[in-house]
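Predicted model only: the values in this text are computed from it and were never measured. Residue numbering restarts at 1 for every chain, and letters A, B, ... go by the order of the sequence lines.
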There are 2 protein chains.
Amino acid sequence: MVSQRGEGETTTTPAEAADKERARAIPEAAVARLAVYLRVLSGMAESGVTAVSSEELSQAAGVNAAKLRKDLSYIGSYGTRGVGYDVEVLVSHIERILGLTRNHSVAVVGIGNLGHALANYGGFPGRGFPVTALFDVDADLVGIPVGGIPVNHIDEITAVCLEREVSIGVIATPPPAAQSVCDRLVSAGVQCILNFAPVVLQVPDNVEVRKVDLAVEMQILSFHVARRADEAASVSVGNNGLGVDGMVIRP
Amino acid sequence: MVSQRGEGETTTTPAEAADKERARAIPEAAVARLAVYLRVLSGMAESGVTAVSSEELSQAAGVNAAKLRKDLSYIGSYGTRGVGYDVEVLVSHIERILGLTRNHSVAVVGIGNLGHALANYGGFPGRGFPVTALFDVDADLVGIPVGGIPVNHIDEITAVCLEREVSIGVIATPPPAAQSVCDRLVSAGVQCILNFAPVVLQVPDNVEVRKVDLAVEMQILSFHVARRADEAASVSVGNNGLGVDGMVIRP
DNA sequence: CCGACTTTGTGCACACGTTCACAAGCGGTA
DNA sequence: TACCGCTTGTGAACGTGTGCACAAAGTCGG
């Protein structure tokens, strides 16, 4: 990387700035994998494993060993050549990078089937995401505790989120309500949103949205089913010009 | 595109082969977006919109207009220059490519909180994914209908999946059970799996797995929170060397 | 203390996906 | 019919992410 240093060194030293910038430059895809490595490593630690090589870890995480090493190199050099990585050390460094040293208060909006499931997940598998607030429009639900937390009315989003310092909002409402809920969360200062509603949310630049769309996942799988069927058809009967709607033919 | 025709013309013509191969070469990322376009287009069709330009559609789908056109070009040229796209035509072609002209029978394994939510989703938002089988280990659940479908015992996976021609399996079990359930689904001929368990599944090459991992999503968001906090800190107080654990400081 | 062996960290080449920019093509208009 | 403006479709440049292959750096045994 060519570190072309400008002349504008006001208060930060070039070295520190470069370090920060490198930390910031972790590819999104690598961040997702780091979370997976973290889970695998946590499991290993519980099983009493103290050291691990890139080869072992990569197999357990289902990725290429080289890719794993590159991913880990983004967060620093914490391995020992000829030996491998210390599990504890790696865990703590990944946690630090992912910001898991602080707790992130989570609010779930929309206490339907999915909302229930999310609330009952309770603190999310293992580490640091306490659900501290639940919201719904349905007055009948308000006050009833789900997974130990009482449901608030949706109009209270702003006040409650500010009070409980919610940093992550989860939208599990029906599609029509999603954008409105999103707007309210944003105005309550929530900057990270996990959206389960099949809707494209419009948000300001400073807000991060991740979406989980079951229908899309299904359709991607469907695409692969169709592709498979096509291949099977071409292999077994040459090409009959029927195109993609041909029957599935087992060889 | 240079169509360098080889000499090996056995049963398929080079043109048809090339066509098939192009269809197969749709980037994964584009497939995911096509599913989103499809949803937006369906909504438009319901609202009585009959024609749409790449600019309009791209805005509604939250992507770049050029990217949208390229995505659509993967499935063929179905637009009219100077005018735009016919909504109906586009819908039917995307459905065809995604394999939505056939129904895909879905089985959900693990009827806990999440499994309930999935079963009650009932046929998945709108189109073509009927849930036709539910499984759980818990004998108390067996026979009880959830979302209109009675729960079967997990040992019946193979028989039931074959009988009902399940093409997509959804794993919503606790982590320790996931791999075993996955193996059973695979041996029942299921080639596409949607995995909600925070586990890396080992499957043969001919099986497609997609995973939805809430903890990972949360941790990615957490990473962005931390990154933001860092930036805010550096901006407001130069650099104090505290590193990534510094407090969030509002300017 | 030294040499052999193991495993990390990374430079480099490649492949994939994204974005730009513009020619090709179509409908409307005179 | 011929022109004009608009929008598609796509070649080409660019950037990002992946995978290989090897030097650097450590441990272990003699």
Length of the line joining B:Y85:OH and D:dC6:P, which is rounded to integer Å: 18 Å
Side-chain donor/acceptor of B:S53 to backbone N/O of B:G84, under 3.5 Å: no
Heavy-atom donor-acceptor pair, A:R228 side chain to B:N206 backbone, under 3.5 Å: yes
Rounded interatomic separation in angstrom, taking CD from A:E55 and P from C:dT6: 14 Å
Under-3.5 Å N/O pairs linking protein and nucleotides 14-19 of chain D:
from	atom 1	to	atom 2	distance (Å)
D:dT18	OP1	A:R33	NH1	2.9
D:dT18	OP2	A:R33	NH2	2.9
D:dG19	OP2	A:K67	NZ	3.2
D:dG19	O6	A:K70	NZ	2.8

Check: A:P198 main-chain N/O paired with B:R39 side-chain donor or acceptor under 3.5 Å: yes
Atom-pair distance (CG on B:L72; P on D:dT7), nearest Å: 16 Å
Pairwise side-chain contact, B:L114 with A:L114, heavy-atom cut-off 4.5 Å (strictly under): yes
Any B:S54 side-chain N or O less than 4.0 Å from OP1/OP2 of D:dT8: yes
Rounded interatomic separation in angstrom, taking OH from A:Y78 and P from D:dA25: 18 Å
Value in whole Å for how far the C1' atom of D:dG26 lies from CG of A:D86: 15 Å
Interatomic distance, B:R69 CZ vs D:dC6 C1' [rounded to whole Å]: 12 Å
Exam field: side chain A:T101 to backbone A:R96, donor-acceptor pair closer than 3.5 Å: no
Length of the line joining B:L90:CG and D:dT8:C1', which is rounded to integer Å: 12 Å
B:E56 CD - D:dT7 C1' separation (whole Å): 11 Å
Donor-acceptor pairs are to be reported for all side-chain atoms of residues 25-32 of chain A against protein atoms at under 3.5 Å, with residues two or more places apart or in another chain.
from	atom 1	to	atom 2	distance (Å)
A:E28	OE1	B:H224	NE2	3.3
A:E28	OE2	A:R210	NH1	3.1
A:E28	OE2	B:H224	NE2	3.2

